[in-house]
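Every heavy atom of this structure was used, including side-chain atoms; hydrogens, water molecules and symmetry mates were not. In each ligand, atom 1 is the first atom listed, and ligand 1 is the first ligand listed.
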Amino acid sequence: MLRMCNSLLFAVLLATPMAAQSLDSLLARMTLEEKLGQLNLLSANGRASPQQIQLVRDGKLGGLFNVIGAENTTPVQRVAVTESRLKIPLLFGLDVIHGYRAIFPIPLGEASSFDPDAAEATARAAGQEAAAFGINWTYAPMVDIARDPRWGRIAEGSGEDPYLGSLMAAARVRGFQQNIFATAKHFAGYGASEAGREYAETEISERTMRELYLPPFKAAVDAGVASLMSAFNDISGVPASGNAWLTDTVLRREWGFSGFVVSDWTSVQELVNHGIAGSQAEAGRRALTAGVDMDMQSSIYVDSLAALVRSNRIPMAVVDSAVMRILRAKQRLGLFRDPYRARAAPANAELRAIARRVGAESIVLLKNEPVGRGAACCAPTLPLSKSGAVAVIGPLADNKEEPLGPWHTQGRAEDVVSVLQGIKAKVTAGTQVLYAQGAAIEDTSTAGFAAAVAAAKQAKVAVLVLGERGDMSGEAASRSSLGLPGVQEQLLEAVVATGTPVVLVLMNGRPLILEWASDHVPAIVETWFLGVEAGNATADVLFGDLNPSGRLPITFPRVLGQVPIYYNRRNTGRPADVNNKYSSKYIDVPVTPRYPFGFGLSYTTFGYGNLKLSSARARVSDTVTATVTVTNTGSREGTEVVQLYVRDMVASVSRPLRELKAFRRVTLKPGESRAIDLPIAVKDLWFIGLDRKPVVEPGTFRVYVGPSSAEGQEATFECIP
Ligand code: BGC
């Protein structure tokens with residue numbers, strides 16, 4: 001009872017904000033140097049250096065990141081709260097992107113689950129584990145919408161769609177912030193980097209910015225995110241880290257965001273390279289006055305801005321507002337009362353169970369056709385039997401490093417279950433599992449092919465695990481070609497040539513070009529980078545213990561020349577028409593993608609029928625509910641992701657052919673039918689009108705409900721004034 005009372009009291013204390021007055025009086029006691037110190041954020045190399053500890057003591061540091069382990073955060077925090085003049089605690093940041101030590105699927109993979117609850121669960125677990133190691137602030141979620149798979153950071157986000165991206169952003173913020181502060185990044189437009197080239201300029205209209213790139217940030221703000229990170233890129237010449245329209249007009253004035261903005265790594269200093277500041281001090285002035293409160297790694301605010309404030313080139317009120325945002329964040333986190341935040345780590349078994357469940361949910365079955373002729377024909381290649389000899393081939397088959405993906409924080413290869421291990425654990429005793437690497441990821445040699453071919457020949461089925469290294473996506477990992485690296489495609493061709501049925505298991509951080517494979521391999525499974533339980537989650541799906549339910553959150557092109565390719569494009573004045581040369585298409589490749597947004601197969605099949613709308617006419621304040629009957633027409637239980645898209649048929653601005661506006665995961669037994677309701681709030685069908693303001697215009701809206709962005713039943717309703 002006493003324990004309960006104590007913990008209740010603790011909860012109440014944490015929830016009780018330090019009186020606003022005491023933060024004001026704290027601010028009033030701060031010197032200008034101490035104020036600028038709160039705006040200073042530096043990276044440590046595992047542990048704070050003696051110089052950094054001195055900065056803490058002198059009140060010249062507001063936070064540190066990349067300090068690893070509570071044994072390293074605690075002593076520095078002690079210096080802050082006992083030895084510095086004002087005893088202001090520090091923020092401890094880290095890129096906990098998809099796990100701390102227990103690594104979950106990369107965000108793009110997790111978005112394939114179309115399951116925001118799954119994203120919330122992994123973010124909560126990752127935050128809880130990170131908190132136990134002294135971290136109180138993560139630089140996640142990354143909510144950049146991206147349409148260009150050349151850009152490596154596509155792996156870190158939720159893909160190309162602003163609706164799915166917004167749900168995932170909010171879910172991850174909720175998940176992380178049960179234990180630590182989150183940061184929605186990179187504000188904004190970074191995913192539009194020209195030609196997919198990392199850190200490149202972007203050209204984004206205000207309409208596209210507001211309709212496509214900003215919604216996930218707005219969703220994160222509405223979910224209560226503590227901070228945003230300003231991006232590296234410029235937007236039509238104005239760098240995001242010195243862009244008052246973004247960080248002041250939109251974020252603070254329109255959205256009412258009361259948290260703080262941190263720059264990206266040296267992005268304040270980089271304003272000099274961008275050519276919008278002639279000196280470091282000027283770069284700092286541009287960033288701070290635009291609304292970037294905290295300077296990551298440039299040390300410009302703390303080193304160069306005092307003179308500008310003293311000469312009134314930066315109003316003291318600007319500095320004070322930024323400082324108050326940092327102080328309020330520290331207060332909201334409870335740091336003034338509980339600076340060390342000693343927390344227990346979640347049980348490893350619990351973390352692994354989440355990783356396995358969400359891992360399997362993130363897998364997308366891209367192709368599953370029958371192999372064999374005559375009597376053997378007509379059963380799809382997957383799921384595999386647990387008792388036939390299986391060859392497991394490829395550079396990623398017995399690989400425990402790459403499934404950790406591009407940001408693996410404290411993840412360790414030794415914690416990872418490889419696909420080979422997962423398969424071995426799944427097959428019945430005595431079943432032969434023949435392993436051959438075949439080639440390394442970027443090999444130029446085919447010397448290992450013979451062993452791979454020999455293994456395939458002895459087996460009933462060959463599972464080829466191919467793809468990218470983890471660090472071929474993520475930051476500074478733009479690619480100019482999107483095929484399988486090295487000689488992997490030749491390896492695939494050599495194994496397919498044996499006649500043994502082949503299952504291609506892909507591990508990668510972006511859409512790949514899979515032309516040959518899509519035409520010649522009977523079964524293709526996209527697993528992304530699934531983290532510590534990669535092998536078990538993959539085996540759960542390959543052998544049918546779990547029926548795949550993932551759907552693509554991003555379009556897979558046929559060829560690189562189609563990039564950027566995305567589903568929510570506009571119609572153009574000359575929509576593609578195979579019979580009309582003068583229409584919007586290519587002369588050498590179909591205009592359609594290889595695999596569309598929202599696509600994914602199951603081991604069962606689903607039928608759609610009887611789409612009805614609750615009303616044929618609706619006002620902007622109304623909700624129209626689409627009801628569709630979905631039937632499991634196959635012989636296994638399975639989960640369908642029922643997707644609803646809308647097209648605004650005639651508006652003052654040309655609108656996309658389709659926009660995702662609702663979806664639901666529905667699990668059905670064989671033969672079971674269910675009426676599924678998908679509500680559409682008409683007010684959510686806004687777009688940015690000619691006057692640059694959001695508007696829902698009266699007129700016809702076409703609704704599509706189906707299994708992907710390329711299919712579906714149709715119905716229409718009128719929006720009336
Ligand atoms: C990345 C950010 C990351 C930061 C801190 C930068 O290079 O762009 O996403 O949060 O480093 O590690």
Lys/Arg-Asp/Glu bridge criterion (N-O < 4.0 Å) met for E206, R210: yes
Proximal ligand 1 atoms for Y139, defined as those under 4.0 Å from one of its heavy atoms: 10 (O)
K185: numbered ligand 1 atoms lying under 4.0 Å from its heavy atoms: 2 (C), 3 (C), 9 (O), 10 (O)
Lys NZ or Arg CZ of R78 over Y340 ring: under 6.0 Å, within 45°: yes
Heteroatom distance test (D95, ligand 1): nitrogen or oxygen, under 3.5 angstrom: yes
Residue that, paired with Y199, satisfies ring pair (Phe, Tyr, Trp, His ring centres under 6.0 Å) out of W265, F232, W151: F232
Cationic tip of R551 above F114 ring, under 6.0 Å, 45° of axis: no
Ligand-side contact atoms (ligand 1) for residue partner W265, heavy atom cut-off under 4.0 Å: 6 (C), 7 (O), 11 (O)
H186 N/O under 3.5 Å from ligand 1 N/O: yes
Short N or O distance, E475 and ligand 1, threshold 3.5 Å exclusive: yes
F65 neighbourhood, listing ligand 1 atoms whose heavy-atom distance to it stays under 4.0 Å: 5 (C), 12 (O)
Numbered atoms of ligand 1 (with element) below 4.0 Å of M229, judged on heavy atoms: 2 (C), 10 (O)
K60/D58 under salt bridge (charged side-chain N to carboxylate O under 4.0 Å, His left out): CA gap, chis, key distance, verdict: CA-CA 5 Å; K60 290 190 171 172; D58 294 344; 5.4 Å; no
Mode of R153 contact toward ligand 1 - side chain, backbone, both, neither (heavy atoms, under 4.0 Å): side chain
Nitrogen or oxygen of D264 less than 3.5 angstrom from that of ligand 1: yes
SB check K400 E533 (cutoff 4.0 Å): no
pair F92-N72: side-chain heavy atoms closer than 4.5 Å: no
